[in-house]
Peer 1: 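Take this structure first; my questions come after.
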Amino acid sequence: MSTVSDRSTRGTMATAIALYARHTAGYDQRVAAAVATLKQAVTEHPGTLVQATSLGAEDMVITDLMRRHGLMVPVATLNTGTLHHETVALIGRLQAHYGVAVEVFKPESESVVSFVRQHGERAMYDSIALRKTCCAIRKLEPLSRLLEGRTAWITGLRREQSEARGEVSATEADGPGRQKINPLVDWQWSDVWHYIATHRVPHNPLHDAGMPSIGCAPCTRAISVGEPFRAGRWWWEDEAAKECGLHVKESH
C-alpha cells in the first residue's frame, strides 16, 4: 500500500512538515468533505459522539477541524502504560492548545500486572498470540469503556495507511447500534502535513524522527525510505498481522 518515500526519513532529521507537507490537487475539496462528514456525525449523534484519538498526526488534524468549525465533540484517548513519553506529553499540549479536557482511559492494572508476571515485559515479541493478548488488555478493554454509551466514534483512519485499510468508508457500521466515522478516509499523507503546517497544529515530535505511525513504545520503530507506512508497527511480524484489533472487522 502506501510507502513513505518522499525525500528521506533518515539521518539529519528534517521535520515531518518539511518532508511531507505540500498542497496537491483536490486538497480543498478533501478538507471540505471531512468537515461535512464531521458536521453530519454531530447532527446524527447528538451527545453520543466521541473522538477516539490516538494522538497521531491524523487525529490531531481532526481535533483541530472540530474546534475550528465549532464542533464541540468530546475527545478521549487510551494510555496503555507503555506509550512513548512524547505521546503522553502531547495530551497536555492538546488540552492547553484547544482548551479542551481529554478523557484518558487506562487498562485495568490487575490485568496488566498479571500478564507481565506470567509472560514478562517482552511477551509481545514471543508470539503473535501474546502480542494480541497484550493489545487486548492495554487497548481493547479500555476502548470498550471509552465507547460505553456512544453511538458513534471518530477515528483518523485513511485508506492510504495500509492494504488492510484500503476499503475503509467515511462512515461504516461498527457493531450493533454504533458507527465509526472516518473523515480523513480519502486524505493523502501530504494533505495531513499540509494542514498541520497551515494551521500550526501540535504534533508528536516522534513523527519528525521517522515514525509516521506511532503506537506503544516497544512496538514502534522508525521506518526507512521506501518502507510501507505502518512498517514500523510490530515490525517483527508478518505484514498481514499488523493490527491491534481496534480497527479490525469481524470478517477480517
Side-chain angles (χ1 to χ4, degrees), residues 1-24 27 30-31 34 51-65 77-78 80 82-91 93-94 135 139 154-166 168 182-244 246-248:
M1 197 69 178
S2 174
T3 61
V4 179
S5 56
D6 304 82
R7 289 150 280 187
S8 175
T9 56
R10 297 176 296 191
T12 56
M13 291 323 305
T15 66
I17 288 175
L19 288 170
Y20 309 123
R22 63 187 184 277
H23 187 281
T24 59
Y27 168 80
R30 289 189 288 275
V31 172
Q51 182 196 5
T53 177
S54 70
L55 303 167
E58 291 92 344
D59 286 302
M60 296 303 295
V61 166
I62 291 171
T63 301
D64 189 88
L65 280 170
T77 194
L78 307 179
T80 65
T82 57
L83 299 179
H84 300 84
H85 68 83
E86 293 91 342
T87 303
V88 177
L90 186 55
I91 298 173
R93 290 171 55 205
L94 185 160
C135 288
K139 293 183 177 182
I154 300 167
T155 84
L157 291 183
R158 295 184 300 113
R159 293 194 186 106
E160 188 188 50
Q161 288 169 338
S162 71
E163 184 175 349
R165 299 178 179 185
V168 170
N182 310 305
L184 306 189
V185 64
D186 289 324
W187 283 41
Q188 302 170 17
W189 189 229
S190 57
D191 295 335
V192 173
W193 287 99
H194 181 67
Y195 186 95
I196 288 173
T198 300
H199 298 289
R200 299 184 178 181
V201 178
H203 70 272
N204 193 326
L206 293 175
H207 289 307
D208 300 321
M211 297 183 186
S213 179
I214 303 169
C216 295
C219 301
T220 306
R221 65 160 172 81
I223 69 172
S224 300
V225 176
E227 283 192 293
F229 185 89
R230 288 171 62 82
R233 302 291 295 277
W234 310 295
W235 64 91
W236 63 92
E237 294 181 356
D238 180 83
E239 185 68 25
K242 292 188 176 185
E243 291 285 354
C244 62
L246 295 182
H247 301 297
V248 176

Peer 1: Quick one: ring-ring contact (aromatic ring centres under 6.0 Å, His included) partners of H203, sequence neighbours excluded?
Peer 2: W193
Peer 1: side-chain contact (heavy atoms from CB on, under 4.5 Å), that's the test. Do Y20 and H207 meet it? Break it down for me.
Peer 2: CA-CA 11 Å; Y20 309 123; H207 289 307; over 6 Å; no
Peer 1: Measuring from atom CG of L206 to atom CG of L55, what distance do you get when rounded to the nearest 0.5 angstrom?
Peer 2: 11.5 Å
Peer 1: Could you pull out all residues at least two apart from T53 that satisfy side-chain hydrogen bond (donor to acceptor under 3.5 Å, both in side chains)?
Peer 2: none
Peer 1: State, to 0.1 Å, how close A197 and A21 come at their nearest heavy-atom pair, and which atoms those are.
Peer 2: CB-CB, 4.3 Å
Peer 1: Report the residues that fulfil side-chain hydrogen bond (donor to acceptor under 3.5 Å, both in side chains) with Q51, sequence neighbours left out, ordered by chain and then residue number.
Peer 2: T63
Peer 1: List in chain and number order the residues that pass side chain to side chain contact (heavy atoms under 4.5 Å, CB included) with H199, two or more places apart in sequence or in another chain; answer none if no residue qualifies.
Peer 2: D64, R68, Y195, V201
Peer 1: Drop me the distance from T24's OG1 to W187's CH2, to the nearest 0.5 angstrom.
Peer 2: 10.0 Å
Peer 1: Would you sort out whether Q161 and V168 count as a side-chain contact (heavy atoms from CB on, under 4.5 Å), showing the intermediate values?
Peer 2: CA-CA 10 Å; Q161 288 169 338; V168 170; over 6 Å; no
Peer 1: Counting N and O atoms only, with roles assigned by atom type, does the side chain of N182 sit under 3.5 Å from a partner on the main chain of L157, one being a donor and the other an acceptor?
Peer 2: no
Peer 1: Considering non-hydrogen atoms only, spot the tightest contact between L184 and R158 and give its length.
Peer 2: O-CG, 3.1 Å
Peer 1: At their closest point, which heavy atom of P228 faces which heavy atom of I223, and how far apart are they?
Peer 2: O-CD1, 3.8 Å
Peer 1: Enumerate donor-acceptor pairs with a distance under 3.5 Å from any side-chain N or O in residues 212-220 to protein atoms, sequence neighbours excluded.
Peer 2:
unit_1, atom_1, unit_2, atom_2, d
S213, OG, R230, NH1, 3.4
S213, OG, R233, NH1, 2.8
T220, OG1, G215, N, 2.9
T220, OG1, C216, O, 2.9

Peer 1: Are the side chain of E227 and the backbone of G232 linked by a donor-acceptor contact shorter than 3.5 Å?
Peer 2: no
Peer 1: Would you mind listing every salt bridge (charged side-chain N to carboxylate O under 4.0 Å, His left out) that reaches into residues 185-198, with sequence neighbours excluded?
Peer 2: R30-D191, R159-D186
Peer 1: Evaluate W189 against E160 for side-chain contact (heavy atoms from CB on, under 4.5 Å), listing each step before the verdict.
Peer 2: CA-CA 8 Å; W189 189 229; E160 188 188 50; 3.5 Å; yes
Peer 1: In Å, rounded to the nearest 0.5 Å, how long is the span from CG of L65 to CD1 of I154?
Peer 2: 10.0 Å
Peer 1: For the pair D59 (side chain) and G156 (backbone), establish whether a donor and an acceptor sit closer than 3.5 Å, ignoring hydrogens and angles.
Peer 2: yes
